[in-house]
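First comes the structure, then the notes that go with it.
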Number of protein chains: 2
Amino acid sequence: MDLSSIEIFIAVANDRSVTKAAKAVGRVPSNVTTRIQQLEEDLGVSLFCRDGKKMTLTREGETFFAYANRLTALALEARQAVRPIAPSGTLRVGTMESTAASRLPAALSQFNQMWPDVSLSLTLGASRDLSRNVLAGVLDCAFIARPSKAMLEEEPDFDAELKMLEMEPIFVEDLVIVLPCGHPSIKSAADLHVGSLAALEPGCTYRKIAENWARKSSALQTTELGSYHAILASVATGNTVGVMPRSVLNLMHWPTSVQTHSLGPVETLLVYRKNDCPSVFNAFHEVLIATRGRDSRLSANWPASLSVQS
Amino acid sequence: MDLSSIEIFIAVANDRSVTKAAKAVGRVPSNVTTRIQQLEEDLGVSLFCRDGKKMTLTREGETFFAYANRLTALALEARQAVRPIAPSGTLRVGTMESTAASRLPAALSQFNQMWPDVSLSLTLGASRDLSRNVLAGVLDCAFIARPSKAMLEEEPDFDAELKMLEMEPIFVEDLVIVLPCGHPSIKSAADLHVGSLAALEPGCTYRKIAENWARKSSALQTTELGSYHAILASVATGNTVGVMPRSVLNLMHWPTSVQTHSLGPVETLLVYRKNDCPSVFNAFHEVLIATRGRDSRLSANWPASLSVQS
DNA sequence: CGGAAAAATCTCGATTCCAGAATTAAGTTC
DNA sequence: GAACTTAATTCTGGAATCGAGATTTTTCCG
């Protein structure tokens, strides 16, 4: 019995779906199916009822689920306990608005529970500024969106800064254009019937990706707003499209339905200074890995054809 | 992090030796070394101080050891908890004297703790009788010594009975001849300066192996005794050699030192009826697997050249 | 009765794992 | 202190496992 099998099991149990679980744990569905089958074989019971497409826990699955959570929690605690220098002081984390909303809460609260004496400071900002601040030592680490090759060529100094940092892909987001309710579905930016694109600050990578995509229709102005709620509200007026990760859209249960158009997967990178990992950062890193893919709010609605490509 | 790595770690921690731990978990030392190194790398700390040949736990190793035990205990509990039909009633276990003494106590008490309502009945006997009783349904399972090819050819009906049972190698014993203190060391049975071989009943496989080995010196009578203590006492008189697994010899800290001569490895088989595994047996089987290699009393003294060969 | 989506199965390349051989290091014996 | 023994580690090749993608099967929904 392998801890990774158990994490896969937890993901499937949370999402009731192997496809979504596969996304959550960064694997391919066939692999998830196989690992679950192996686990069932190993334990000698079936953990899920497969009625149709739904994967629901069996009676035994339920009881195993409880143990699975305890096991992973204990394993995480063990890792933390052997840390030779106990984390202390302050951890200064930088993050995009979107990551803060969707992916971090679980990890932050878990970390806070484990190390109540560490004070966590969270700085929100655009990818560009965040990485600069990590490099400058103002932040210990930051979550930023991986810029495309093209974007880095346009901004060589951003590229240079990133090269001086350690980068680690940690989440994958499906970046979408949010269309007003009733807008006909689109194949490209040329099909848009709106006047502007609502996005966050100029340094925001998602904004840049959307602007590059929108260039093809040329007539799109960018409206700068301060939050994803503001963007969605703006979209609701009917004359704007917004840009955001699907995970963010999904967790704000918006009253009116909206349409989306996927711009493809965008990796979220955790960046930190090379050769300069305070113990408190390492502790945070482990909590992050352990809580990744455990948040059932985040399961959802990826286009079938979506896969990560660099 | 893999549960098997943790079991390996526990074995090394108990035995303070990778060689002994390797025996205990049924692996090769190089493999144990590697797995420990991987574990240390994964956790980012060293778990053992290697001062010379001794492996002693570091400070972090100690704290991880505590978690390791909790983790394996929890994993075992999880396996048991998902058992669809709870074990109940009686489990009738047959065993050789030697296995009962050395390898079973840990498993039996663990099982008894987990399933206090199951009543365990233990029947001691020789391999030959035990397997017959399993086949007859008088016992649910039994621990017997694997007879050599030659022995099975001499007793075709024993062979036939075993073929009707499920057999699973579960321990490996180093079978030794115990020489009186002061007896010169021997290379073969011809070097013996004693009059008789002390052993248990005729159906005992170890006795047969020793008798086959002793044939070369031809002049050896077999004295039948009722227990390993009786055998050792008899050896102490000076005119007898005994036969027993080294594990048994090691755990009766005998006042006077004795010499030993290895007859090679002998596997202990767990036998049970095919297609007839009551839930209570499956539960016992899992406990057995989980507790195997956890008993530090059993580490010891294998000849360097010893390896299992069929 | 199609078409879409999800799970399962299959296949093949990549990785990992493990046994045994060779090597190194640390006691032991004389 | 040299020769021997024993234990740990490193190295290496074959075997087993793993995982991504393609294919197939099943189910859901129009």
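Being a predicted model, the structure only gives us computed values, none of them experimental. A note on names: the letters A, B, ... follow the listed sequences, proteins ahead of strands, and every chain is numbered from 1.
- The side chain to side chain contact (heavy atoms under 4.5 Å, CB included) test applied to B/Arg59 returns no partner, not counting sequence neighbours.
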Atom pairs, N/O to N/O, protein against nucleotides 11-17 of chain C, distance under 3.5 Å?
residue	atom	partner	partner atom	Å
C/dC17	OP2	B/Gln38	NE2	3.4

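- Here ring-ring contact (aromatic ring centres under 6.0 Å, His included) pairs that include residues 50-69 of chain B, with residues two or more places apart or in two chains, are B/Phe9-B/Phe64.
- Here the nucleotide nearest the side chain of A/Thr33, chosen from C/dA7, D/dA20, D/dT9, is C/dA7.
- Checking C/dT9, D/dT9, C/dA7 against every side-chain atom of A/Met55, the shortest atom distance belongs to C/dA7.
- Every residue two or more places apart in sequence or in another chain that forms a side chain to side chain donor-acceptor pair (under 3.5 Å) with A/Asp2 is listed here: A/Ser4, A/Arg35.
- Axis angle, first five pairs versus last five pairs of the helix from C/dC1-D/dG30 to C/dC30-D/dG1: 30°, rounded to 10°.
- Residues passing the side chain to side chain contact (heavy atoms under 4.5 Å, CB included) test with A/Thr291, sequence neighbours excluded: A/Ala107, A/Gln110, A/Val287.
- Under the salt bridge (charged side-chain N to carboxylate O under 4.0 Å, His left out) criterion, the residue pairs touching residues 65-85 of chain B are A/Asp42-B/Arg79, B/Arg79-B/Glu286, B/Arg83-B/Glu286, with sequence neighbours excluded.
- Under the rule for a side chain to side chain contact (heavy atoms under 4.5 Å, CB included), the partners of B/Ala11 that lie at least two apart in sequence or sit in another chain are B/Ala21, B/Val25.
- The CD1-C1' distance, from B/Ile36 to D/dT9, rounds to 13 Å in whole Å.
- For the side chain to side chain contact (heavy atoms under 4.5 Å, CB included) test, no residue two or more places apart in sequence or in another chain qualifies with A/Arg16.
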